[in-house]
Amino acid sequence: MNQAFNNDISIIHLDEIPSTNDYLSQLCRQENVPEFQVVTAMSQTAGKGQRGNSWESEKGKNLLFSLVLHPTFIEAKEQFYLSMLIAICVSELLEQYTEDICIKWPNDIYWKDNKIAGILIENELIGKDIAQCIVGIGLNINQETFHSSAPNPISLRQISGKETDPDLILQDLLNRITNYYNELKRNSKEFKQTLSDIYLDKLYRHTGYHAYQDNNGIFTARFHHLLPDGHLCLEDEQGNVRAYAFKEVNYILS
Ligand code: BTN
């Protein structure tokens, strides 16, 4: 079913497919797909997570969707701004329902020490430009038990004790994403700073020493700063600061 939405957003609702990200990127290979084309699914048979993981979601219980952007106004080296923008929109949406929402670098959405939403952004770069950006979001809404080996999933239902309509959440989220995205397009320089400020304000383990693991083993460190390309800089107890790309460091969860 194809649903018209707002001015620019059209939504393809599907029942069961392997992955909304894969469906949308395949569609983009076949035809000219406008920005903000959205694809949702009730369930995915091969939902993709970060780091090659799979994404668990019980049929019809949660929000699973992807949308396509053509962010020609930012360079490939600035792609982390898109990641921040999406993570901020998901967090601000969830903050309407509960406290204690934060963003675990780079873009997991946490409630306390548990993951409530995941974001998978797949960019196609051409030279210095981002030709195409597929944003995939999985948000746990009404699922009550999780069976995969993911360490710490949680749903809004488990937090609030209430059912929430995934369609309402989708509409709210799409409004937020369009507003922030348009603002980034209009006012790129200033809004980039705003995004960085909001992101840091919501960052999980922003203060204090915590356990991490890199390829040298487990160590204790605190957040130091974030580089413009999204590298995470941690300072260990000896005062050494090291920059990590995604996948180079793991958080040890309590
Ligand atoms: C993560 O590992 O945190 C990212 C999870 C992203 C899951 C969503 S669900 C909708 C979209 N389609 C996919 O196959 N993955 C993303």
Side-chain angles (χ1 to χ4, degrees), residues 2-12 14 19-41 48-50 63-93 103 105-109 117-139 170-200 202 226-232 245-247:
N2 210 333
Q3 178 194 339
F5 182 88
N6 283 354
N7 296 331
D8 310 307
I9 302 180
S10 125
I11 306 181
I12 301 171
L14 299 169
S19 152
T20 56
N21 268 36
D22 287 353
Y23 182 94
L24 191 51
S25 68
Q26 173 127 18
L27 195 65
C28 291
R29 277 195 292 275
Q30 288 163 353
E31 55 191 73
N32 256 342
V33 178
E35 266 202 323
F36 284 104
Q37 175 66 59
V38 174
V39 173
T40 72
K48 299 193 301 185
Q50 294 162 0
L63 185 59
L64 303 168
F65 77 99
S66 302
L67 65 93
V68 63
L69 301 172
H70 300 294
T72 46
F73 55 94
I74 56 170
E75 288 187 29
K77 65 177 188 216
E78 300 178 310
Q79 53 190 285
F80 194 63
Y81 286 106
L82 290 174
S83 191
M84 289 198 275
L85 184 151
I86 301 294
I88 290 168
C89 289
V90 178
S91 315
E92 291 186 347
L93 164 102
I103 303 170
W105 176 85
N107 56 14
D108 286 346
I109 311 303
I119 298 167
L120 179 65
I121 298 185
E122 298 183 292
N123 286 325
E124 253 184 51
L125 307 181
I126 298 186
K128 288 177 165 180
D129 297 320
I130 307 172
Q132 175 181 292
C133 170
I134 305 270
V135 178
I137 300 178
L139 207 167
L170 177 64
Q171 285 182 23
D172 187 333
L173 192 48
L174 291 175
N175 281 332
R176 284 169 198 276
I177 294 173
T178 6
N179 289 340
Y180 273 29
Y181 185 75
N182 289 337
E183 188 61 32
L184 182 62
K185 209 185 253 186
R186 256 196 310 272
N187 178 9
S188 214
K189 193 162 173 236
E190 274 180 42
F191 199 62
K192 279 179 200 154
Q193 187 56 50
T194 306
L195 288 175
S196 303
D197 294 345
I198 303 176
Y199 182 89
L200 285 182
K202 295 184 184 300
L226 205 62
L227 292 174
D229 64 3
H231 277 68
L232 175 71
F246 182 48
K247 296 185 186 170

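In this chain, numbering begins with 1 at the start of the sequence shown.
- In this structure the side chain of Leu14 reaches within 4.5 angstrom of the side chain of Tyr23, judged on heavy atoms.
- Looking at Thr178 and Arg176, their side chains never come closer than 4.5 Å, going by heavy atoms from C-beta outward.
- Rounding to the nearest 0.5 Å places CG of Asn21 at 10.5 Å from CZ of Phe65.
- For the pair Cys89 and Leu173, the minimum side-chain heavy-atom distance is below 4.5 Å.
- Residues satisfying the salt bridge (Lys or Arg N to Asp or Glu O under 4.0 Å) test with Arg29, not counting sequence neighbours, are none.
- In this structure, CG on Leu67 lies 5.5 Å from CD1 on Ile177, to the nearest 0.5 angstrom.
- For Ser188 (side chain) and Lys185 (main-chain N/O), no donor-acceptor pair under 3.5 Å exists by modelled atom type.
- Listed by chain and residue number, Leu227, His231 satisfy the side chain to side chain contact (heavy atoms under 4.5 Å, CB included) test with Asp229 (two or more places apart in sequence, or in another chain).
- The distance from the CG atom of Leu85 to the CG atom of Asn179 is 10.0 Å, given to the nearest 0.5 Å.
- Glu35 places no side-chain N or O within donor-acceptor distance of the main-chain N or O of Val68, the cut-off being under 3.5 Å.
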Give the table of side-chain donor-acceptor pairs shorter than 3.5 Å for residues 76-84, with sequence neighbours excluded, one pair per line with atom names and distance.
from	atom 1	to	atom 2	distance (Å)
Glu78	OE1	Glu75	N	3.2
Glu78	OE1	Lys192	NZ	3.4
Glu78	OE2	Lys192	NZ	3.0
Gln79	OE1	Asn123	ND2	2.9
Gln79	NE2	Ala76	O	2.9
Ser83	OG	Asn107	ND2	3.0

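- Closest heavy-atom contact between Gln37 and Ile12: NE2-CG1, 3.3 Å.
- Atom CD1 of residue Ile86 and atom CD1 of residue Ile119 lie 7.0 Å apart, to the nearest 0.5 angstrom.
- Every residue meeting the salt bridge (Lys or Arg N to Asp or Glu O under 4.0 Å) condition with Glu122, not counting sequence neighbours, appears here in chain and number order: Lys48.
- Of all the heavy atoms in Ala87 and Ile109, the pair that sits closest is O-CD1, 3.6 Å.
- For the atom pair CG of Leu69 and CG of Leu184, the computed distance is 10.0 Å after rounding to the nearest 0.5 Å.
- Note: Ile121 CD1 to Ser66 OG = 11.0 Å, rounded to the nearest 0.5 Å.
- Every ring pair (Phe, Tyr, Trp, His ring centres under 6.0 Å) that Phe73 has, sequence neighbours left out, goes to Tyr181.
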Acceptor/donor pairs from residues 124-137 side chains to any protein atom, 3.5 angstrom cut, sequence neighbours excluded:
none

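- Annotation: side-chain hydrogen bond (donor to acceptor under 3.5 Å, both in side chains) contacts of Thr40 (sequence neighbours excluded): His13.
- Closest of all the heavy-atom pairs between Pro106 and Tyr199 is O-OH, 2.6 Å.
- Looking at residues two or more places apart in sequence or on another chain, you find a side-chain hydrogen bond (donor to acceptor under 3.5 Å, both in side chains) between Gln193 and Asp197.
- By the side-chain hydrogen bond (donor to acceptor under 3.5 Å, both in side chains) test, Tyr180 is found to be paired with Glu92, residues two or more places apart in sequence or in another chain being considered.
- Asp108 meets the salt bridge (Lys or Arg N to Asp or Glu O under 4.0 Å) test with Lys104, Lys115; sequence neighbours excluded.
- Judged as a side chain to side chain contact (heavy atoms under 4.5 Å, CB included), and not counting sequence neighbours, Thr72 has no contacts.
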For this session: List the steps and the verdict of side-chain contact (heavy atoms from CB on, under 4.5 Å) for Leu174 and Ile11.
Result: CA-CA 11 Å; Leu174 291 175; Ile11 306 181; 4.0 Å; yes
